[in-house]
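These values consider heavy atoms only, across backbone and side chains, with no hydrogens, waters or symmetry-generated copies. Worth saying up front: this structure is predicted, and the values here are computed from it rather than measured.
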Amino acid sequence: MSFSPQKTACSKDIRKANQLRILHYLLQVEETSQSELSDKLEISWPTVQLIVKSLLKQGLVQENGPIASTGGRKPIAISLARNSRYFIGIDITKDHLGFVLLNLAGQCTARKKIVKDFSDTESWFTDLNQLLLGFLKKERVAQKKICGSGFSLPAIIDLKDPEIPFPNALNCRGLYYERFSRAVPWPITFINDSDAAGYAEFRNNKTIQNAVYLALNNSVGGSMMLNGAMYPGQNNRSGEFGHMIAVPNGKKCYCGNHGCLDAYCNARILTDHSNGDPDQFFALLKKGNAEIRKVWNQYLETLLFSINNLRMILDCDIILGGILGGYLYEYKMEIFEKLKTINPFRPDARFIQFCQYQQEASAQGAAMLALDTFFGNL
């Protein structure tokens with residue numbers, strides 16, 4: 001018998017593709033049978049048997065007993081072993097940590113926000129490790145069940161260089177990926193914080209093909225999806241909307257330039273007037289506080305001009321997210337009405353959407369990336 005490496009590689013690729021199709025189908029249903037998998041996915045019965053046997057051995061799939069049958073041998077129900085594996089997303093910011101725990105089905109089983117200033121020191125990374133282990137202990141998830149971790153960072157992510165470029169938002173220099181890798185004992189992925197939040201939004205909305213995610217946090221960022229895929233740009237710097245010039249020669253931004261959108265539309269522009277609490281700011285706005293209304297009007301004017309510019313350039317939907325994303329939904333009619341006056345092509349302004357993930361969105365996206373990386377490597 002002759003040996004063909006090309007044919008063998010092709011067979012492996014086909015089996016891997018079929019395995020992913022079976023896993024994705026199991027994500028959609030409570031349980032099924034091998035015969036149903038063969039019928040629904042149009043994969044041969046022997047192939048389904050081999051793949052399911054392998055998945056059972058790995059503990060990714062479980063048997064749930066016989067399914068009711070009208071006659072003959074009863075088929076065995078199988079399902080995804082949802083809580084056999086977990087993935088953790090870790091969002092690093094200048095002043096807090098965000099943790100999100102997902103099971104194998106991508107369901108969020110726990111989340112936590114911890115106030116902690118970032119410091120590029122050995123003690124900070126030791127604390128990070130202990131906080132993560134304490135989080136898992138509280139949720140009663142064994143370390144051995146964690147199969148991947150995703151770090152969301154407010155920085156350009158370029159893994160060709162061991163040093164993280166432009167970690168200005170963390171107020172440090174000379175920061176290395178390896179510091180984070182040593183802090184956790186699990187496989188690790190890295191993603192920009194705004195890309196992570198956008199990834200979470202785009203991944204769970206199958207109707208989106210082209211969209212901008214605008215992250216309105218304590219810094220302003222964003223991400224883009226084009227033709228159904230995340231668009232990183234030529235230098236992994238797409239979506240840096242916070243550093244578009246909104247006001248020439250305006251306020252100084254943390255990046256060193258003047259007039260950046262970030263300096264006018266980060267969340268602190270509002271929360272600095274309410275003891276750092278967005279709940280308090282919007283409560284005062286509802287009560288008709290004149291000073292708060294003035295701050296809001298100024299904020300909204302700059303934000304909407306920038307949103308209109310994005311729409312004119314990219315001609316796609318724009319999702320408002322980040323800390324403020326969830327609050328803005330209540331003001332959607334005001335936003336729509338004001339956009340009508342500045343957008344000549346879409347007077348109803350329904351290209352604006354509002355985020356699904358309002359809590360720890362970046363950690364959520366980082367955990368999803370770790371999960372998807374795990375599936376892709378099976």
Any side-chain heavy atom of [X] sitting closer than 4.5 Å to one from [Y]?
{"X": "D262", "Y": "C255", "answer": "no"}
{"X": "I318", "Y": "R311", "answer": "yes"}
{"X": "M368", "Y": "F202", "answer": "no"}
{"X": "Q280", "Y": "H273", "answer": "no"}
{"X": "V100", "Y": "R111", "answer": "yes"}
{"X": "C355", "Y": "E201", "answer": "yes"}
{"X": "Y299", "Y": "L324", "answer": "yes"}
{"X": "N192", "Y": "N236", "answer": "no"}

Hey, are [Y] and [X] close enough side-chain-wise for a donor-acceptor pair under 3.5 Å?
{"X": "D279", "Y": "Y327", "answer": "yes"}
{"X": "T207", "Y": "N205", "answer": "yes"}
{"X": "Q58", "Y": "S54", "answer": "yes"}

Q: Check the angle between the aromatic planes of Y331 and W296 and answer parallel, tilted or perpendicular using the 30° and 60° thresholds.
A: tilted
Q | Aromatic ring pairing F118/F125, orientation class (parallel under 30°, perpendicular over 60°, tilted between) | A |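 Plane angle over 60°, so perpendicular.
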Q. Which pairs, with at least one residue in residues 364-378 and sequence neighbours excluded, count as a salt bridge (charged side-chain N to carboxylate O under 4.0 Å, His left out)?
A.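 Applying salt bridge (charged side-chain N to carboxylate O under 4.0 Å, His left out) to every pair that reaches into residues 364-378, excluding sequence neighbours, yields R203-D372.
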Given 3.5 Å as the limit, does a donor-acceptor pair link the side chain of [X] with the main chain of [Y], or not?
{"X": "S38", "Y": "Q34", "answer": "no"}
{"X": "Y357", "Y": "G198", "answer": "no"}
{"X": "S194", "Y": "A215", "answer": "no"}
{"X": "N103", "Y": "Y86", "answer": "no"}

Q.
Walk me through whether L55 and I78 qualify under side-chain contact (heavy atoms from CB on, under 4.5 Å).
A. CA-CA 11 Å; L55 294 174; I78 59 172; over 6 Å; no
If hydrophobic clusters are built from ILVMFWY residues whose side chains come within less than 4.5 Å, do [X] and [Y] share one?
{"X": "I43", "Y": "L60", "value": "yes"}
{"X": "V295", "Y": "V220", "value": "yes"}
{"X": "L310", "Y": "M225", "value": "no"}
{"X": "L41", "Y": "L26", "value": "yes"}
{"X": "L303", "Y": "F281", "value": "yes"}

What are the two closest heavy atoms between [X] and [Y], and how far apart are they?
{"X": "G326", "Y": "Q358", "value": "CA-CD, 3.5 Å"}
{"X": "K338", "Y": "T341", "value": "O-OG1, 2.6 Å"}
{"X": "S306", "Y": "M244", "value": "CB-CE, 4.4 Å"}
{"X": "S181", "Y": "F190", "value": "OG-CZ, 3.9 Å"}
{"X": "R293", "Y": "E334", "value": "NH1-OE2, 2.9 Å"}
{"X": "V184", "Y": "S149", "value": "CG2-OG, 3.8 Å"}

**Q.** For D127, salt bridge (charged side-chain N to carboxylate O under 4.0 Å, His left out) partners two or more places apart
**A.**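 With neighbours one apart ignored, the set is K116.
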Q | Exceeds 12 heavy-atom contacts within 6.0 angstrom, atom CG of D161 | A | yes
Q: Using a cut-off of 6.0 Å, state whether more than 12 heavy atoms not belonging to K251 lie near its atom NZ.
A: yes
Q. side-chain contact (heavy atoms from CB on, under 4.5 Å) between N227 and N210: does it pass, once the steps are laid out?
A. CA-CA 6 Å; N227 299 319; N210 302 292; 3.9 Å; yes
Measure the spacing between [atom1] of [X] and [atom2] of [Y] and express it to the nearest 0.5 Å.
{"X": "R179", "Y": "W124", "atom1": "CZ", "atom2": "CH2", "answer": "9.5 Å"}
{"X": "T302", "Y": "L300", "atom1": "OG1", "atom2": "CG", "answer": "9.0 Å"}
{"X": "L175", "Y": "L153", "atom1": "CG", "atom2": "CG", "answer": "7.5 Å"}

**Q.** salt_bridge(E330, K286) N-O dist < 4.0 Å
**A.**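 Salt bridge flag = yes for K286 with E330.
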Q: Apply side-chain contact (heavy atoms from CB on, under 4.5 Å) to R237 and list each qualifying residue two or more places apart in sequence or on a separate chain.
A: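 Listed in chain order: I156, F166, N235.
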Q: Take N171 and Y254 through the test side-chain contact (heavy atoms from CB on, under 4.5 Å) and record every step on the way to the result.
A: CA-CA 9 Å; N171 197 28; Y254 71 85; over 6 Å; no
Q.
Checking K340 against E337 for the salt bridge (Lys or Arg N to Asp or Glu O under 4.0 Å) test, could you report, in this order, the C-alpha distance in whole Å, the side-chain angles of both residues, the deciding distance, and whether it holds?
A. CA-CA 5 Å; K340 282 182 186 180; E337 288 300 315; 3.0 Å; yes
Q: Quick one: do E42 and R21 satisfy salt bridge (Lys or Arg N to Asp or Glu O under 4.0 Å)? Show the steps, please.
A: CA-CA 10 Å; E42 298 182 346; R21 289 177 65 205; over 6 Å; no
Q: Take L378 and L23 through the side-chain contact (heavy atoms from CB on, under 4.5 Å) test and state the conclusion after the steps.
A: CA-CA 11 Å; L378 282 176; L23 286 168; 3.6 Å; yes
Q: Pick out which of R85, Q364, Q107 makes a side chain to side chain contact (heavy atoms under 4.5 Å, CB included) with L102.
A: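 With L102 as partner, side chain to side chain contact (heavy atoms under 4.5 Å, CB included) holds for just one option, Q364.
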